[in-house]
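Take a look at the structure below.
We use all heavy atoms of the structure for the numbers below, so side chains are in, but hydrogens, waters and symmetry mates are not.
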Amino acid sequence: MHNAQRYSQAFIPTQKEVPTEAQIPSHQLLVRGGMVRQLAAGVFSYYPLGWRTAQKVMNIIREEMNAIGGMEFHLPALNPIEIWEATNRVEAMGDVMFHIKNRPGLVLAPTHEEIITHHATQHIQSYKDLPQIWYQIQTKFRNEARPRSGILRGRQFLMKDSYSMDTTWEGLDESYDKHAQAYRNIFTRCGLKFFVVGASSGAMGGSKSQEFMVESEFGEDTCAITDAPDGGYAYAANIEAATSLVEKVGRVESNPPIERFATPTAKTIDELVQQHQLIEHRCAKSVVYICDDKPILALMRGNDELNEAKLQSAVKAAQLRPATDDEILRIFGAHCGSLGPVNAPKDLLVIADTLLENANGLVSGANQDGVHFKNIDLQRDASIAFYADLRTVQAGEQAPDGSGPLRMVKAIEIGHIFKLGTKYSVALNANFLDKDGKQQPIIMGSYGIGVERIIACFVEQHHDEKGIQWSATIAPYHVQIVLLGANKSELIRATGEELFAQLSRTYHVLLDDRDTTAGVKFNDADLLGMPVQLVLGEKNLSVGNVEVKHRITGERSIVALTDLNALLQSLLGN
RNA sequence: CGGAGUGUAGCUCAGCCCGGCUAGAGCACUACGUUCGGGACGUAGGGGCCGGAGGUUCGAAUCCUCUCACUCCGACCA
C-alpha cells in the first residue's frame, strides 16, 4: 500500500451536502468523504480512500485467519448450477440467488460452501490431509428484495468466509473455537465494540452457531443485553433466545374447585383484569398456532408475549404460523378471547410457558364464548403436554446471570460462525479414509464476516458532527499534514516536504498541499477523519513548533518538531 | 413482492396544484483580482434531452397514460 499521498494529486471527491439517498450516518459520511459511491440499489463503488480502509480491514482479517492456520483461496463468482442443485440450495435460496439469463447453467455465488466442499471432494482423501481451514475474501452476490442502509445491506458485498474441515467432532470444536477467538481479535483490532450471541443455524443446517453483533439503531436483529462495568457487555442474547429472571406464578394456598363465570364483554386479558378485579399474572392467555399442519395451544402468563422462534424450537416444527380466526372457531368452538386449557379438544397439544409451571388459582377461557374459568389448577384441571420457555423477555427484567436489567437493542450482524457438520460433505461426497480405512464424511464448519459491515459499523460507532474518527488500524492514512499558507512561506513548504518524507517511512501520510483556504482544509481533515492531523502554520513553525490534533479526542497540542515522533508514537501506538 | 414517496446542473433543492417569453437558486467548477488558522469576497463565465416513451394542447418541467430508477415502511433476510 502506498504510504505517501499528496492531496493535490489524489482523487478524494468530498462534498458538503448530504446525499439524499444516504439515510444513515455511516453512509452519509462515507459518501461525503469521497470513499464510496452508490452505483445502483445495493451496489457500491469504492473510491481510493474507502478502498484503502477496506484493504486494511481485509488485511487484519487475513492476518488473524492465517494465524489460526487458514489458507487463502480465490474462488469464482460464477458457479455451475449443478453443484448448488446437489445440496438443494437452488431451491432453498430461491430468489436470493442471481441466475445468469443468457447462460442458464451458471449462477452468481451467494456464498461458497458448495464450491469449497467440491474442491475438498476432489483432493481430500485421507485423515492425514486434515484438518484444514480454507478461506476467501471476495465479492458475494445476493438478490436482496430490498437493499438498504448503504453498504450495510447490498446486493453485492465483500465477505470473508472460511470453512473448517475436520475428521472428528472434537476437531470441529477446536476449529470453531479458533475462529471464535480469531473473530474477537479481528473486531477488536478494527476498533469495534461488539457482543456475541448464540443463534439458530437457520437454513444453513448444522448445530451450534454464534453471531457477532454490533449495537445500532439501524440493526435488523433485536437483542437483549446488559452493560458491563468495563464499558463492554455482560449478558447478550438474541431476543429469540434471551431469558430473564422472572418469578414463576406458582401456587396459592387456597385451591377451591374450578368455577365458571360469565365474561360477556372481556375479550382481552386487560379487559378481563379490569372487569373482574383479577391479578394479571394469574390470567393465562391462550395462543393458537398451526405447527406443521397441527394446531397447538400455547398457554402464556397474562400479557406475556409469545416468541415464535422459541415455540418453533420447543415443538420442533419445520414451519409454523398463527391460526386464523376461522381455524380457531372450528377447533375450539369458541373465539379467541375465550380459549383455555380446560376442556380443550381431545387431541390438541397443549403446552405452557415455564412461568406457569404447575400453577393454580388461574383464570382462563372456557372454550365457550363469553365464559371463563377461575381457580384453575394446571396440575388438577388441565393436561399440559410440557412446559417450555416461550415468552419474549422485556426490557428492565433482570438478566439470567444477574448482571443487571436487560436493555433491548437493535443490532447488526458482522460475523457468524457455524458448526455445519456433514450436511455439505455428505451431499457432495467429500469423504476421507480414517485410520481404519473406513470412509467418513468430512466434518465442516462455516464462518463469515461482512467486510463492509465492519466499515459501516465502525463509522456508526466513531463519528461526530464534523466527520469520521478512524482508528489508526483501519484509517486510510494515519496522519494528515495540513499546510497553511505554503504558497507564501518557504519554511512551511520545506518543513512540510521534510515531514512528509520522514513520516511516510513509518506511517501512511496524506499531505494536504492544496492551494485552498485553511477552513476548507480543516473541514476536509475532520470529515476524512485521519487519527492525527499535523497543522503547519507560520506562527508555530517560526519557533520550531507544530500543532498536533488528535481527531478522536479533539485534543490539540503544540509540540516542538523534535518531540513530534514521540507524540505520534503515543497517539498512533506504533 | 405489497404500501407510500421522489426523479429538474456534479451535489442540495425551488418551479409543477393553476400549462405561456431564453428553466432558476445555493454549493461545486473555470478565469482574474483581493483574501489566507475553521467550508472567505468581488467580477465575469461554463454546465440541463426537467428520468424515458407515448398522448392531450396553438403551446408541456407543469396535465393524462405507460415505463424505468431511487428512497422509505412492511414481507423477506446465509
Pairing string, 5' to 3', for RNA chain B - Watson-Crick or wobble contacts under 3.5 Å, brackets [ ] where pairs cross, | to another strand: (((((((..((((......[...)))).((((((.....)))))).....(((((..]....))))))))))))....

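- Rounded to whole Å, the C1' atom of B/G38 lies 48 Å from the corresponding atom of B/G20.
- Between B/C17 and B/C21, the two C1' atoms lie 22 Å apart (nearest whole Å).
- Here B/G10 is the nucleotide among B/G10, B/U12, B/G37 with the atom lying nearest to any side-chain atom of A/Arg37.
- Cation-pi geometry between A/Arg52 and A/Tyr477 is met: the NZ or CZ atom falls under 6.0 Å from the ring centre, inside 45° of the normal.
- Using a 4.0 Å heavy-atom criterion, one finds that A/Asp526 contacts the bases of the nucleic acid, with or without backbone contacts as well.
- The base of B/G37 sits with one of its N or O atoms less than 3.5 Å from a complementary donor or acceptor on the side chain of A/Glu547.
- If you check every strand for non-hydrogen atoms under 4.0 Å, A/Asp161 touches nothing.
- Contact annotation for A/Lys140: no contact, since no heavy-atom pair falls under 4.0 Å across all strands.
- Taking the P atoms as reference points, B/C63 lies 15 Å from B/A14, given to the whole Å.
- Among B/A28, B/C11, B/G37, the nucleotide with an atom closest to any side-chain atom of A/Ala518 is B/G37.
- Looking only at atom types and distance, the side chain of A/Glu308 has a donor-acceptor partner in the side chain of A/Tyr289 under 3.5 Å away.
- For A/Asn540, whose side chain is taken as the heavy atoms from C-beta onward, the closest listed nucleotide among B/G39, B/G37, B/C36 is B/G37.
- Ring-plane geometry between A/Phe212 and A/Phe187 is classed as tilted, the angle between the planes lying from 30 to 60 degrees on a 0 to 90 degree scale.
- The base of B/G39 sits with one of its N or O atoms less than 3.5 Å from a complementary donor or acceptor on the side chain of A/Arg32.
- Counting non-hydrogen atoms under 4.0 angstrom, A/Met97 reaches nothing in the nucleic acid.
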Find every protein N or O atom lying less than 3.5 Å from an N or O atom of nucleotides 67-71 of chain B, and list the pairs.
residue : atom : partner : partner atom : Å
B/C70   : OP1  : A/Ala41 : N            : 2.8
B/C70   : O3'  : A/Gln38 : NE2          : 3.2
B/U71   : OP1  : A/Gln38 : NE2          : 3.0
B/U71   : O2'  : A/Gln23 : NE2          : 3.4

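- By the 30° and 60° cut-offs, the orientation of the rings of A/Phe458 relative to A/Trp470 is parallel.
- A gap of 11 Å separates the C1' atoms of B/U65 and B/U56, to the nearest Å.
- Under the 30°/60° scheme for interplanar angles, the aromatic rings of A/Tyr447 and A/Tyr183 are found to stand perpendicular.
- Heavy atoms of A/Val482 sit nowhere under 4.0 angstrom from any nucleic acid atom.
- Residue A/Thr517 places at least one side-chain N or O under 4.0 Å from the OP1 or OP2 atom of B/A40.
- Distance check, rounded to the nearest 0.5 Å: CZ of A/Arg103 to CD1 of A/Ile81 gives 13.5 Å.
- Taking atom CG on A/Leu29 and atom P on B/C11, their separation rounds to 18 Å, with Å as the unit.
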